[in-house]
Amino acid sequence: MIQALRGTRDILPEEVGYWQLIEATVREILGRAVYQEIRAPIFEQTALFERGIGEATDVVGKEMYTFKSKGGSKSITLRPEGTAGVVRAYIQNKLNAQGGVQRLWYTGPMFRYERPQAGRQRQFHQVGLELIGCSAPRADAEVIALATDILKALNLKNLELAINSVGNGSDRANYREALVNYLEPYKEDLDEDSKDRLTRNPLRILDSKDPKTQEIAQNAPKIIDSLGTESKKHFDTVLQLLTDLDIKYQIDHCLVRGLDYYTHTAFEIKSNDLGAQATVCGGGRYDGLVKELGGADTQAVGWAIGMERLVILLQKLSSSQPVNSPDLYIVSRGGAAEAQSLLLAQKLRSAGLGGELDLSGSAFGKQFKRADRSGAVACLVLGDAEAENKTANLKWLASGEQKAIAQSSLLEMTDELKAKISELKNS
RNA sequence: GCGGGCGUAGCCAAGUGGUUAAGGCAGUGGUUUGUGGUACCACCAUUCGCGGGUUCAACUCCCGUCGUCCGCCCCA
């Protein structure tokens with residue numbers, strides 16, 4: 001049997017309701033804030049990610065699905081994240097020429113070659129947003145507020161917002177030096193990965209999970225102490241705005257993001273209910289990326305939410321997914337009745353009434369049993385007698401009450417039926 | 001890429017060297033050939049992820065492989 005590749009999976013009907021709920025919520029909340037959806041390609045030139053995300057990062061260094069285009073020498077990569085592609089689209093389509101800021105959002109699959117575990121797939125899905133063309137702290141706060149709005153609208157609990165500032169380029173260079181100076185004497189006590197990172201990417205040593213490394217990192221100089229006046233002011237303002245918005249946060253001095261493009265504000269929203277893959281939303285400011293990718297000097301801020309992780313939380317914490325039960329269940333038996341039931345079902349549907357047609361042709365008793373299981377509140381019953389008279393029995397399943405109605409008049413009373421059905425469904 | 005746990009039907013599972021592979025849910029048929037939600041009856045794995053090996057005998061032990069889960073790593 002051919003099976004789905006490792007790290008990919010099917011999202012089955014029993015789960016898809018959660019996905020639709022998340023998508024609808026995102027669409028509504030971001031729509032209200034006048035963010036517009038953008039759909040960028042799933043594969044791009046490899047150079048986009050190398051330059052955008054940074055060649056030293058793990059994502060680019062060892063996790064990308066990269067291949068040569070057919071017959072060509074161009075190197076192509078399945079997108080491992082969404083921001084680089086959106087920024088590329090922003091530059092290429094000269095969205096800056098429209099003036100002001102661009103508020104964009106996207107959703108879709110991303111690809112990283114990783115060892116799968118719960119909440120971590122090789123093909124995974126994100127919804128993300130980018131606010132491009134604004135350097136003000138208010139932009140950072142808006143974006144964070146929208147993320148918390150979405151999560152709140154989904155009734156998710158036990159979430160924590162962690163925030164930090166990684167400053168601008170020169171702040172980071174200063175901090176990097178201070179950090180390396182501090183860590184150098186402890187070099188032998190660091191875990192293997194961290195030793196390696198000391199020269200390659202020292203900031204990432206801060207969020208190592210090795211206990212000894214953590215202990216050493218505990219007393220390391222803090223990045224906010226290396227921030228210049230402007231950077232510090234930006235960060236303080238963002239924090240003040242969050243307080244004004246009544247959004248709770250925790251400053252995490254060890255929070256540094258894994259992608260090179262981040263500047264200033266960096267944040268993560270984590271859940272206690274997800275094990276090791278705790279981050280549901282991650283983002284921050286990326287003031288240098290647009291220029292790095294060939295655009296004008298343009299500041300921006302954004303985030304991405306991991307869909308699979310949200311779905312896990314919804315399944316774990318909230319009740320059942322929204323179900324789609326039919327308005328009517330249509331029972332029929334006998335040649336003429338079965339033929340008429342199909343026509344009737346089609347006509348009712350075009351009149352706006354949902355119906356599930358029982359195709360089995362089995363005994364009435366069996367069909368009623370299925371009607372109960374389907375969650376329908378009412379049945380239409382067609383047998384030989386009804387077929388002959390062009391009627392159908394409308395039966396209310398809860399009370400058992402039923403009466404014969406001409407098929408033609410059924411079509412005229414769809415509004416009335418709909419009202420009664422939705423009343424019964426909600427009771 | 002590293003370390004570890006697990007893999008019996010659509011789902012939840014019992015069985016842990018001896019041959020008919022429990023049970024429950026779901027499903028199908030019937031009691032009830034035109035009226036359901038209950039009840040009862042019957043059916044529903046020639047086979048235990050897959051491939052090798054050990055053994056008189058393997059779901060059970062060994063090796064490999066695939067998948068999944070947990071941790072590291074990474075990150076959403």
What nucleic acid atoms does A:Gly128 come within less than 4.0 Å of, heavy atoms only: base, sugar-phosphate, or nothing? nothing
Base, sugar-phosphate, or nothing: which does A:Leu397 touch, judged by heavy atoms less than 4.0 Å apart? base
Please confirm whether the shortest side-chain N or O distance from A:Arg333 to OP1 or OP2 of B:U33 is below 4.0 Å. no
Under 4.0 Å between any heavy atoms, over every strand shown, what does A:Gly400 touch: base, sugar-phosphate, or nothing? Just pick one. base
Applying a 4.0 Å non-hydrogen cut-off, can you work out what A:Ala363 is touching in the nucleic acid: base, sugar-phosphate, or nothing? nothing
Could you state the CD-C1' distance from A:Glu14 to B:C12, rounded to the nearest angstrom? 14 Å
Give one of base, sugar-phosphate or nothing for A:Ala118, where a contact means two heavy atoms less than 4.0 Å apart. sugar-phosphate
Remember a base hit wins even if backbone is also touched, and classify A:Val59 as base, sugar-phosphate or nothing at under 4.0 Å, heavy atoms. sugar-phosphate
For A:Leu314 and B:A76, what is the distance between atoms CG and P respectively, to the nearest whole Å? 20 Å
Report which part of the nucleic acid A:Arg120 touches: base, sugar-phosphate, or nothing (heavy-atom distance under 4.0 Å, all strands). base
Whole angstroms only, please: what is the CZ-C1' distance between A:Arg122 and B:C69? 15 Å
When you measure only distances, ignoring hydrogens and angles, does the side chain of A:Lys395 come within 3.5 Å of the base of B:G36 through a donor and an acceptor? yes
Under 4.0 Å between a side-chain N/O of A:Arg204 and OP1 or OP2 of B:C75, yes or no? yes
Does the side chain of A:Arg6 get closer than 4.0 angstrom to OP1 or OP2 of B:U68 through an N or O atom? yes
Decide side chain to side chain contact (heavy atoms under 4.5 Å, CB included) for A:Val238 and A:Ile163; before the verdict, give the C-alpha distance in whole Å, the side-chain angles of both, and the deciding distance to 0.1 Å. CA-CA 10 Å; A:Val238 171; A:Ile163 192 166; 4.2 Å; yes
Looking for any heavy atom pair under 4.0 Å, which part of the strands does A:Gly383 touch: base, sugar-phosphate only, or nothing? base
Does A:Glu386 reach a base, just sugar-phosphate, or nothing at all? Heavy atoms under 4.0 Å. base
Calculate the interatomic distance between A:Leu5 atom CG and B:C66 atom P; express it in whole Å. 13 Å
Just to be sure I understand the rule, does A:Glu81 reach a base, reach only the sugar-phosphate, or reach nothing, if contact means heavy atoms closer than 4.0 Å? nothing
When both hydrogen-bonding distances must be under 3.5 Å and the geometry is Watson-Crick or G-U wobble, what is B:G64 paired with, if anything? B:C50
Polar contact flag, side-chain donor to acceptor under 3.5 angstrom, A:Arg370-A:Ser360: yes
Would one find a side-chain N or O of A:Gln367 under 4.0 angstrom from OP1 or OP2 of B:U35? no
To the nearest Å, give me how far apart OH (A:Tyr286) and P (B:A76) are. 13 Å
With no hydrogens and no angle check, just 3.5 Å: does a side-chain donor-acceptor pair link A:Glu308 and A:Gln121? no
Which part of the nucleic acid, if any, lies within reach of A:Arg112 when heavy atoms closer than 4.0 Å are counted: base, sugar-phosphate only, or nothing? base
